[in-house]
Amino acid sequence: MNNNKRKPLVAGNWKMNGNRSLVTTFNDAFENNALVNVDVVICPPALYLSAFSTQAFALGGQDVSHLDNGAHTGDLSADMLSELGCKYAIVGHSERRDDHGESNSLVAKKAKKSIASGLTPIICVGESLDIRESGQVESFIGEQLDALVDGLTVEELSKSVLAYEPVWAIGTGKTASPEQAQDVHEFIRGYFAKVDAELAQGLRILYGGSVKADNAKTLFAQQDVDGGLIGGASLKTEDFISICQAAN
C-alpha cells in the first residue's frame with residue numbers, strides 16, 4: 001500500500017439498493033474473509049443497518065442531518081445512526097449535492113455534527129465533466145475544501161476522511177486514470193498541508209468513481225490514494241471483497 005502511516009479504508013455505498021437477502025450474503029461472506037490491514041465500512045440504506053450481525057466491518061450512514069432532532073421529516077440524526085451501531089457517515093456525496101441541493105457550508109455542518117456524535121464523516125468532494133474540461137478542477141474542489149476549513153477545526157478535520165469522487169466517473173463506467181486520481185489527491189493533501197502539515201500527512205483520502213476488482217490495485221497503489229468509496233461493485237460480495245483485498 002502507498003503509505004504505512006495511513007491505514008487504508010474501503011467503504012461500500014449501497015445507495016438505494018439492497019435487501020435483507022444481500023445483508024445476509026454479506027454477513028456470511030465476511031465471516032470467512034479476514035482483512036486485518038484495511039478498515040472496511042458498509043453504508044446500506046438506513047433501515048437495514050440493524051440487520052447486520054458480522055463484526056468483520058463497520059457500518060455507516062449514507063447521509064446524516066446537521067441537526068440534533070425536531071420536525072425534519074425523513075432526516076436521521078448522528079445520534080440515531082450511532083445508536084444503530086454506525087461508526088461512519090457519508091456527507092456531501094455528489095448525489096446529495098445534486099439531488100438535494102446541499103451546499104458546501106451544509107456539508108461542513110454535517111461533518112461537524114457527525115464528529116460531535118462520535119462518527120467519522122467520509123466527506124465527498126469532486127467535479128463534474130464540465131468543470132474538468134474547462135480546467136477548473138482545483139479551483140472548484142478548493143472551494144469545497146475552503147468550506148471545511150472554515151467550519152471545522154484542525155482537530156475535527158483530523159477525525160475525518162476525505163473522498164474524491166469525479167462525478168463524471170460515477171456509474172458511467174468511466175474511471176479516472178490512476179494518474180488523474182493521484183493528481184487530485186495530491187492537490188487535496190497539498191491544500192491541507194498549508195493548513196497543518198501533520199493533518200495533511202495523516203488524512204486518509206479515498207478515491208470513488210467506478211472502482212472495480214480489476215482496477216482497484218492500480219488505483220490504490222498511488223501515493224496519495226488511501227482506499228476507495230465504492231458504489232456499484234459494493235453490491236457484489238466477491239467483487240467488493242476483492243477490492244478490499246487490493247487495499248489490504
Side-chain angles (χ1 to χ4, degrees), residues 1-11 13 38-41 43 58-68 77-79 81-82 86-94 96-97 102-127 137-167 181-209 220 222-229 247:
M1 193 60 193
N2 49 39
N3 188 310
N4 291 329
K5 294 182 180 179
R6 297 191 298 270
K7 187 177 182 181
L9 186 154
V10 175
N13 178 15
V38 56
D39 290 333
V40 178
V41 184
C43 301
L59 294 173
Q62 294 181 13
D63 181 42
V64 63
S65 176
H66 66 294
L67 301 168
D68 289 324
S77 73
D79 286 345
L81 292 175
S82 183
C86 286
K87 301 298 183 186
Y88 293 82
I90 299 171
V91 299
H93 192 282
S94 60
R96 297 292 309 180
R97 291 177 187 262
E102 294 192 1
S103 66
N104 292 338
S105 61
L106 178 60
V107 171
K109 290 176 182 177
K110 289 187 172 191
K112 194 176 188 74
K113 183 60 69 175
S114 298
I115 295 163
S117 295
L119 300 176
T120 298
I122 300 174
I123 308 169
C124 300
V125 299
E127 83 284 357
V137 174
E138 292 187 1
S139 61
F140 183 82
I141 293 176
E143 290 181 1
Q144 295 177 321
L145 300 179
D146 288 344
L148 298 178
V149 172
D150 288 345
L152 283 73
T153 66
V154 169
E155 182 180 0
E156 288 170 331
L157 288 166
S158 72
K159 296 177 180 178
S160 305
V161 173
L162 266 286
Y164 166 56
E165 42 163 18
V167 180
Q182 167 58 23
D183 284 347
V184 178
H185 281 237
E186 184 178 16
F187 164 73
I188 293 171
R189 199 173 305 285
Y191 175 99
F192 284 109
K194 296 174 183 176
V195 176
D196 185 277
E198 186 175 353
L199 164 67
Q201 186 59 31
L203 186 66
R204 292 192 286 187
I205 308 173
L206 314 182
Y207 171 76
F220 297 165
Q222 302 303 305
Q223 176 65 28
D224 291 297
V225 177
D226 304 311
L229 178 59

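In what follows, residues are counted from 1 in the order of the sequence shown.
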- Take L145 and L162 through the test side-chain contact (heavy atoms from CB on, under 4.5 Å) and record every step on the way to the result. CA-CA 10 Å; L145 300 179; L162 266 286; 4.1 Å; yes

- Is there a side-chain contact between K159 and L119, using heavy atoms and a 4.5 Å cut-off? no

- For R6 and G202, indicate whether the former's side chain and the latter's backbone hold a donor-acceptor pair under 3.5 Å. no

- Query: Of the non-hydrogen atoms in S114 and P121, which two are nearest, and what is the gap between them?
  - Reply: CB-CB, 4.1 Å

- Query: What are the two closest heavy atoms between C43 and G61, and how far apart are they?
  - Reply: SG-O, 4.1 Å

- Note on the structure: By side-chain hydrogen bond (donor to acceptor under 3.5 Å, both in side chains), D146 pairs with (sequence neighbours left out) Y191

- How far apart are the C-alpha atoms of V64 and S77, what are their side-chain angles, what is the distance that settles it, and do they pass the side-chain contact (heavy atoms from CB on, under 4.5 Å) test? CA-CA 6 Å; V64 63; S77 73; 5.9 Å; no

- Nearest heavy-atom pair of A108 and A147: which atoms, and what distance? CB-O, 3.5 Å

- Item | R204 (side chain) donor-acceptor with K7 (main chain) under 3.5 angstrom | yes

- Item | Backbone of S65 reached by a side-chain donor or acceptor of K113 within 3.5 Å | no

- Message: Please tell me whether E165 and H93 have a donor and an acceptor in their side chains that are separated by less than 3.5 angstrom.
- Response: yes

- Task: Specify whether Y207 and H185 have parallel, tilted or perpendicular ring planes, treating 30° as the upper limit for parallel and 60° as the lower limit for perpendicular.
- Result: tilted

- Message: Between R96 and D63 (side chain of the first, backbone of the second, donor and acceptor by atom type, cut-off under 3.5 Å), is there such a pair?
- Response: no

- Query: Between V125, V137, I205, which is the residue that forms a side chain to side chain contact (heavy atoms under 4.5 Å, CB included) with V184?
  - Reply: V137

- D79 versus S117, side-chain donor and acceptor atoms under 3.5 Å: yes

- Can you spot which of I115, L152, L203, D196 makes a side chain to side chain contact (heavy atoms under 4.5 Å, CB included) with L157? L152

- Message: Would you compute the distance between atom CD1 of I188 and atom CG of L148 and round it to the nearest 0.5 angstrom?
- Response: 10.0 Å

- Using atom types as modelled and distance alone, determine if a side-chain donor or acceptor of Q201 lies under 3.5 Å from a backbone N or O of E198. no

- Message: Quick check on side chain to side chain donor-acceptor pair (under 3.5 Å): which of H66, K110, K109 does E102 satisfy it with?
- Response: K110

- Task: Can you measure from CD (Q62) to CD1 (I90) and round to the nearest 0.5 angstrom?
- Result: 6.0 Å

